[in-house]
Trainee: 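So that we are looking at the same thing, I have put the structure below in structure tokens.
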Amino acid sequence: MKLTKEFYQQQDVVMLARELLGKVIFTFIDGQYTAGIISETEAYAGVTDKASHAFGGRRTNRTEVMFAAGGVAYVYLCYGVHHLFNVVTGPEGTPHAILVRGIFPTEGIEIMIQRRKVKLGKKFSSGPGTSSAALGLKSSMSGTDLLGNIIWIEDMGFNIPENEIYVGPRIGVDYAGDDAALPYRFLINDIFPGLPESPEQQPIKQIEIT
DNA sequence: TATAAGATTTACT
DNA sequence: GTAAATCTTATAT
């Protein structure tokens, strides 16, 4: 079941970030299918979030796609090196985005190994840059429709119980003042033991969402 | 025009 | 633990 426009265009980006855990992201790039279960996400809440690229309504060539209606990809180059994949959500004009920070590889694993140039293991796709690299995502794909046949996300029926989800502050956003402490990071540990060498995530303390 | 810092990863020491 | 890789944006000359 491919996720719909209606799903992506919901208002609550934090709720959507939690919902994306356990969903499966597919790519069909260079004639190769790859897929993985989303294991870690972070919400970036549009114009009001100091950690967001669109804070204060900032529009640049890079961030313009964040203002589109939900259901497209926002992929940008971080530190000049890593291509970070985000899901744009919310209605048109509301620049919400969800950073995908980790996946458990499920399909096209040989292709992913070629792209990553490392063996499967803890670090294989447990960060935003490595996840994007495994899936073949590049910043040139920013703006790609997530309802097309290049990048899409499906609900395969994996149900993630609330007590398996760790919630905490986002990574690397110390510059964002008060917003750095917001509990907008969601991750699941290795609860898919049947998968080949699922990367482990470091546990963090579960905190209440207030 | 120049500089600094960033939603990071990797290879070294 | 530290450094290097080197694109985008913001701020300061």
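Throughout, a chain's letter reflects where its sequence line sits, starting with A, and its residues are numbered from 1. Computed from heavy atoms alone, side chains included, the values below leave out hydrogens, waters and symmetry copies.
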Trainee: Calculate the interatomic distance between A:K117 atom NZ and B:dT10 atom P; express it in whole Å.
Mentor: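 Rounding to the nearest Å, NZ of A:K117 and P of B:dT10 are 11 Å apart.
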Trainee: So that I know where these two stand, are A:Y76 and A:Y74 an aromatic pair - ring centroids less than 6.0 Å apart?
Mentor: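 Aromatic pair counts; centres sit under 6.0 Å.
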Trainee: Rounded to the nearest angstrom, tell me the gap between atom CG in A:D174 and atom C1' in B:dA5.
Mentor: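 Whole-Å distance recorded here is 13 Å.
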Trainee: Got a sec, which residues hit side-chain hydrogen bond (donor to acceptor under 3.5 Å, both in side chains) with A:Q114, two or more places apart in sequence or on another chain?
Mentor: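 Result, side-chain hydrogen bond (donor to acceptor under 3.5 Å, both in side chains) vs A:Q114: none returned.
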Trainee: With heavy atoms under 4.0 Å as the rule, sort A:R59 into base, sugar-phosphate or nothing.
Mentor: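 Nothing: the residue A:R59, judged by heavy atoms under 4.0 Å, touches no strand.
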Trainee: Give me the distances for all protein-to-nucleotides 5-10 of chain C N/O pairs that come in under 3.5 Å?
Mentor:
from   : atom 1 : to    : atom 2 : distance (Å)
C:dT9  : OP1    : A:T60 : OG1    : 2.6
C:dT9  : OP1    : A:R62 : N      : 3.0
C:dA10 : OP1    : A:R58 : NE     : 3.4

Trainee: Under the rule for side chain to side chain contact (heavy atoms under 4.5 Å, CB included), what residues qualify as partners of A:L182, not counting sequence neighbours?
Mentor: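 Side chain to side chain contact (heavy atoms under 4.5 Å, CB included) list for A:L182, sorted by chain: A:R170, A:D179, A:Y184.
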Trainee: Supply the atom-to-atom distance A:L16 CG to A:K23 NZ, rounded to the nearest 0.5 angstrom.
Mentor: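 Spacing of CG (A:L16) from NZ (A:K23) equals 9.5 Å.
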Trainee: Nearest 0.5 Å, please: how far is CD1 in A:I38 from CG in A:L187?
Mentor: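 Reported to 0.5 Å precision, the distance equals 13.5 Å.
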Trainee: Just how far, in rounded Å, is C1' of B:dG6 from CG of A:L84?
Mentor: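 My rounded result for the distance is 11 Å.
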Trainee: Looking across every strand, which nucleic acid part, if any, lies under 4.0 Å from A:L99 by heavy atom: base, sugar-phosphate, or nothing?
Mentor: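 Base contact.
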Trainee: Counting the atoms with a prime plus P, OP1 and OP2 as sugar-phosphate, which does A:T130 contact under 4.0 Å by heavy atoms, base, sugar-phosphate, or nothing?
Mentor: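 Sugar-phosphate only.
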Trainee: Decide yes or no for A:H53 and A:Y44: does some side-chain heavy atom of the first lie under 4.5 Å from some side-chain heavy atom of the second?
Mentor: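 No. Closest side-chain heavy atoms not under 4.5 Å.
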Trainee: Of A:R116 and A:N86, whose closest DNA chain B nucleotide lies nearer the 5' terminus?
Mentor: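 Nearest nucleotide further toward 5': that of A:N86.
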Trainee: Compare all side-chain heavy atoms of A:I165 with those of A:F186 and state whether any distance is below 4.5 angstrom.
Mentor: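 A:I165 reaches A:F186 side chain to side chain.
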Trainee: Applying side-chain hydrogen bond (donor to acceptor under 3.5 Å, both in side chains), can you list everything that pairs with A:T144, at least two apart in sequence or on another chain?
Mentor: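 Counting only residues at least two positions away or on another chain, A:T144 forms no side-chain hydrogen bond (donor to acceptor under 3.5 Å, both in side chains).
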Trainee: Let me have DNA chain B in dot-bracket notation, would you? Count Watson-Crick plus G-U wobble pairs, both distances under 3.5 Å, and use [ ] for pairs crossing earlier ones and | for inter-strand partners.
Mentor: ||||||.|||||.
Trainee: Tell me: NZ of A:K123 to C1' of B:dA11, nearest whole Å?
Mentor: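 Atom-to-atom, A:K123 to B:dA11, this comes out as 13 Å.
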Trainee: Taking atom P of B:dG6 as reference, at what distance in whole Å does atom CD of A:E42 sit?
Mentor: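 Nearest whole value for this atom pair: 15 Å.
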Trainee: P atom, C:dA3 versus B:dA4: distance in rounded Å?
Mentor: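 Comparing P positions in C:dA3 and B:dA4 gives a spacing of 16 Å.
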Trainee: From CZ of A:R170 over to P of B:dG6, roughly how many Å is that when rounded to an integer?
Mentor: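 Interatomic distance, CZ of A:R170 to P of B:dG6: 15 Å.
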Trainee: Considering only residues two or more places apart or on different chains, which pairs with a residue in residues 136-154 of chain A satisfy salt bridge (Lys or Arg N to Asp or Glu O under 4.0 Å)?
Mentor: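 Pairs touching residues 136-154 of chain A that pass the test: none.
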Trainee: Separation of A:I171 atom CD1 from B:dT9 atom P, in whole Å?
Mentor: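 Spelled out: CD1 on A:I171 to P on B:dT9 is 10 Å.
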